[in-house]
S.K.: 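Below is the structure I would like to discuss, written out as structure tokens.
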Amino acid sequence: MEYLESVADKYKFIFDKTFDQIALVDMDLYIVEANRSATVVFGMGLSIQGKKCYEIFHRRESPCVDCPLFASYETGKVVSITFYDEKIGEHFEERTYPITDDNGLLVGFIIVTRNVTTTLEIENKSYLAKKLIALGQISSGVAHDFNNVLTGVLGRIQLLKRTVKDKNLLKQINMIEKSALDGASKVAKIQEFSRTRKSKEFKTINLKELVTDVIEMTRPKWKELADKKGMIIEPVIEMSDEIHVIGDESDLRNAFTNIIFNAVDAMPEGGIIEIRAEDFNNIVKIYIRDTGVGMSDEVKEKIFDPFFTTKGHAGTGLGMSEVYGIIRSHNGMIEIESEVGKGTTIILTLPTGKKTEREKIVKEEKVETIPLNVMAIDDEEYILEVIRDILLEFGHNVATFQNPKEAIEEFKNEQYDVVLTDLGMPVMSGFDVARKIKSINKNTTVILLTGWNIKEEDDKKVTDYADYVLRKPFSIDNLVSVISESSRKVVQRIREKSEKKSKNKSASTTDNHTG
Ligand code: ADP
Ligand code: MG
């Protein structure tokens with residue numbers, strides 16, 4: 001405080017201590033006065049007095065056409081522009097204030113500039129962040145729609161598979177199904193990116209089936225491409241049918257695909273890709289060996305780095321970092337053995353999966369099902385049609401509704417064993433439908449269908465109102481097995497009821513007897 005009191009010329013003091021660059025300019029555009037910051041920043045420490053403003057502030061040889069002064073003078077408002085100074089390498093905001101004499105005549109102006117580089121960077125980042133969020137929202141919407149479409153496609157394909165006997169045709173249908181499933185796993189990826197996909201779906205997976213699928217799915221890369229180049233790449237799978245791992249199927253598929261793509265890339269003259277696996281009780285070791293170019297120690301060290309690639313524009317460098325992430329999230333390990341000129345072996349370790357007793361029981365008991373009355377609610381007509389056709393095929397009765405409110409009215413009048421409802425509908429959410437149905441008849445099995453990922457905060461709603469959740473696209477097997485399970489419950493209820501009745505009967509007979 002004392003120091004400030006002692007400052008002789010406080011105005012000059014403020015003028016010079018301000019971080020903004022300030023200059024007083026006359027009508028001929030000569031700088032009459034400039035503060036210290038303007039001298040330091042734009043004059044590089046040399047006096048800028050007596051120089052033209054455009055020379056100093058914009059390093060130009062003639063007056064600026066976009067000079068904010070004129071716009072400001074015409075409108076009576078302060079106009080600001082931003083410019084980039086190449087020599088300094090920073091962004092500035094510039095404001096020009098007109099100065100008029102007592103008669104209102106323009107006599108000069110004040111230029112104030114300020115470095116806004118950091119502000120712009122922050123704005124840019126937040127713009128990018130906003131854009132990413134928007135992109136996430138758009139893609140999760142698109143993913144949802146695609147799940148609906150895929151439900152239609154897969155449902156129809158699987159219905160078709162049940163009727164077609166021609167082997168050749170069946171093979172083609174299987175390929176369409178694989179592509180559709182592949183599409184579904186891509187959609188799941190998008191959902192993961194937009195973080196709407198819930199936690200991974202870990203289950204017991206038959207390794208040989210999975211690997212065979214991946215080899216089949218990557219055929220265009222190792223077969224067709226190799227054929228074109230006149231070379232031969234031969235995949236060999238060597239493992240028992242009995243090996244199971246615990247994992248997320250679409251994730252593991254993705255990891256194997258990346259590894260196989262790399263192996264193919266490493267064999268420009270062709271070669272062998274061998275996939276072997278051994279079960280050590282608690283862990284399964286999987287060896288993916290190629291006879292390709294191999295890797296130097298340097299490459300080996302960087303292989304998991306995101307964006308590290310030796311393939312130039314042909315590579316993204318994301319494959320192995322993705323594999324690493326997937327294997328880690330499976331509590332697994334990944335090792336690399338490689339020798340330049342000889343080939344590479346990628347060794348994955350994953351937890352062993354055991355076929356559970358429960359799964360066996362479900363399969364055995366499937367026989368004991370009775371035709372059910374099923375109500376299906378979805379705002380998309382073609383989804384309803386697929387569901388109806390599948391359930392009719394399995395001998396159930398189906399009523400379909402596009403409007404959930406009408407469905408609930410109908411539910412009050414008719415007896416339904418199972419209600420299948422879509423989650424996201426315009427009129428009423430699936431959760432509300434489920435709640436209403438359960439409040440009318442708590443014995444009705446409610447199955448929620450959804451192409452969205454159920455948010456964690458909605459988990460409770462699911463456990464409270466729904467018996468099952470089926471993610472779109474679902475397979476016929478998925479749908480039929482939950483319906484069969486409901487059917488078993490109905491059978492059990494009927495049995496319990498009749499047992500109770502006969503018990504009551506015998507109880508009343510005893511009563512009569514004593515009485
Ligand atoms: P990309 O395939 O896009 O280059 P990846 O993350 O999949 O990215 O792989 C990174 C790098 O690791 C590759 O560019 C390659 O140099 C090396 N690499 C991966 N797998 C193999 C392999 N089987 N044989 C030789 N080099 C490999
Ligand atoms: Mg790769």
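Below, each value reflects all heavy atoms present in this structure, side chains not excepted, and no hydrogens, waters or symmetry copies. Counting convention: from 1, in listed order, for ligands and their atoms alike.
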S.K.: Would you tell me which option among V299, T310, I336 has the nearest heavy-atom contact to atom 14 (O) of ligand 1?
M.R.: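 Of the listed residues, T310 has the closest heavy atom.
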S.K.: Under 3.5 Å, is there a donor on one side chain and an acceptor on the other for Q21 and S37?
M.R.: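 Judged by distance alone, the side chains do pair up.
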S.K.: May I ask you to check if ligand 1 and N262 share an N or O to N or O distance below 3.5 Å?
M.R.: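 N262 vs ligand 1: N/O contact under 3.5 Å present.
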S.K.: Distance under 6.0 Å and angle within 45° of the ring axis: does R276 meet both against Y287?
M.R.: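 Here R276 passes the 6.0 Å and 45° test against Y287.
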S.K.: Do any N or O atoms from the side chain of D378 and from the backbone of I383 form a donor-acceptor pair under 3.5 angstrom?
M.R.: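 No; judged by distance alone, with no hydrogens or angles, the pair does not exist.
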S.K.: Are any of the N/O atoms in M320 less than 3.5 Å from those in ligand 1?
M.R.: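 Yes: some nitrogen or oxygen of M320 is under 3.5 Å from one in ligand 1.
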S.K.: Counting only nitrogen or oxygen atoms and a 3.5 angstrom limit, does G317 reach ligand 1?
M.R.: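 Looking only at distances, the answer is yes, because the N/O contact criterion of under 3.5 Å is met.
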S.K.: Heavy-atom contacts with T316 under 4.0 Å: which atoms of ligand 1 show up? List them by number with element.
M.R.: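 Matching atoms, with element in brackets: 3 (O).
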S.K.: Determine whether the aromatic ring centres of Y468 and F474 lie less than 6.0 Å apart.
M.R.: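 Centroid separation for Y468 and F474: 6.0 Å or greater.
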S.K.: Quick one: does ligand 1 sit under 4.0 Å from the side chain of T344, the backbone, both or neither, non-hydrogen atoms only?
M.R.: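 It is the side chain that gets close, since no backbone atom is under 4.0 Å.
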S.K.: Can a non-hydrogen atom of G292 be found less than 4.0 Å from any atom of ligand 1?
M.R.: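 No.
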S.K.: Just need the protein heavy atom nearest to atom 12 (O) of ligand 1, so name the residue and atom and give the distance.
M.R.: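 The closest one turns out to be I303 CG1, 3.5 Å.
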S.K.: Hey, does T309 come in under 3.5 Å of ligand 1, counting only N/O atoms on both sides?
M.R.: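 For ligand 1, there is an N or O atom that lies under 3.5 Å from one belonging to T309.
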S.K.: What protein heavy atom sits nearest atom 10 (C) of ligand 1, and how far off is it?
M.R.: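 Protein heavy atom at minimum distance: F308 O, 3.3 Å.
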S.K.: Using a 4.0 Å cut-off to any heavy atom of G315, which atoms of ligand 1 qualify?
M.R.: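 Per the distance check, 3 (O).
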S.K.: Please check this pair: side chain of Q158 against backbone of I476, looking for a donor-acceptor N/O pair closer than 3.5 Å.
M.R.: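 Yes; at least one donor-acceptor contact below 3.5 Å.
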S.K.: Look at the N, O or S atoms of N262, main chain and side chain alike, and state whether any lies under 2.8 Å from the Mg ion (ligand 2).
M.R.: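 Short answer: yes, at least one N, O or S atom is under the cut-off.
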S.K.: Look at ligand 1 and say whether N258 reaches it with a heavy atom at a distance under 4.0 Å.
M.R.: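 Distance cut 4.0 Å: N258 fails for ligand 1.
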S.K.: Considering only protein heavy atoms, which is closest to atom 21 (C) of ligand 1, and at what distance to one decimal place?
M.R.: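 The closest one turns out to be M295 CE, 3.7 Å.
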S.K.: Using only atom types and a distance under 3.5 Å, with no angle test, would you say the side chain of N206 pairs donor to acceptor with the backbone of D241?
M.R.: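 Side chain of N206 to backbone of D241: a pair is present.
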S.K.: Knowing that exactly one of I390, V164, L154 qualifies, which makes a side-chain contact (heavy atoms from CB on, under 4.5 Å) with L159?
M.R.: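 Only one option passes, and that is I390.
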S.K.: Could you tell me how the ring of F42 sits relative to the ring of F83: parallel (under 30°), tilted (30 to 60°) or perpendicular (over 60°)?
M.R.: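 It falls in the tilted class, 30° to 60°.
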S.K.: Is there a side chain to side chain contact (heavy atoms under 4.5 Å, CB included) between L207 and F256? Walk through the geometry before answering.
M.R.: CA-CA 11 Å; L207 188 65; F256 281 109; 4.2 Å; yes
S.K.: Considering non-hydrogen atoms of the protein only, which is the closest contact for atom 2 (O) of ligand 1, and what is the distance?
M.R.: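 That would be K311 NZ, 2.6 Å.
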S.K.: How far is atom 23 (N) of ligand 1 from its nearest protein heavy atom, and which residue and atom is that?
M.R.: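 Looking at atom 23 (N) of ligand 1, the protein heavy atom closest to it is D290 OD2, 2.8 Å.
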S.K.: Kindly say whether V482 contributes a backbone atom to a donor-acceptor pair with the side chain of S486 at under 3.5 angstrom?
M.R.: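 A pair under 3.5 Å: yes.
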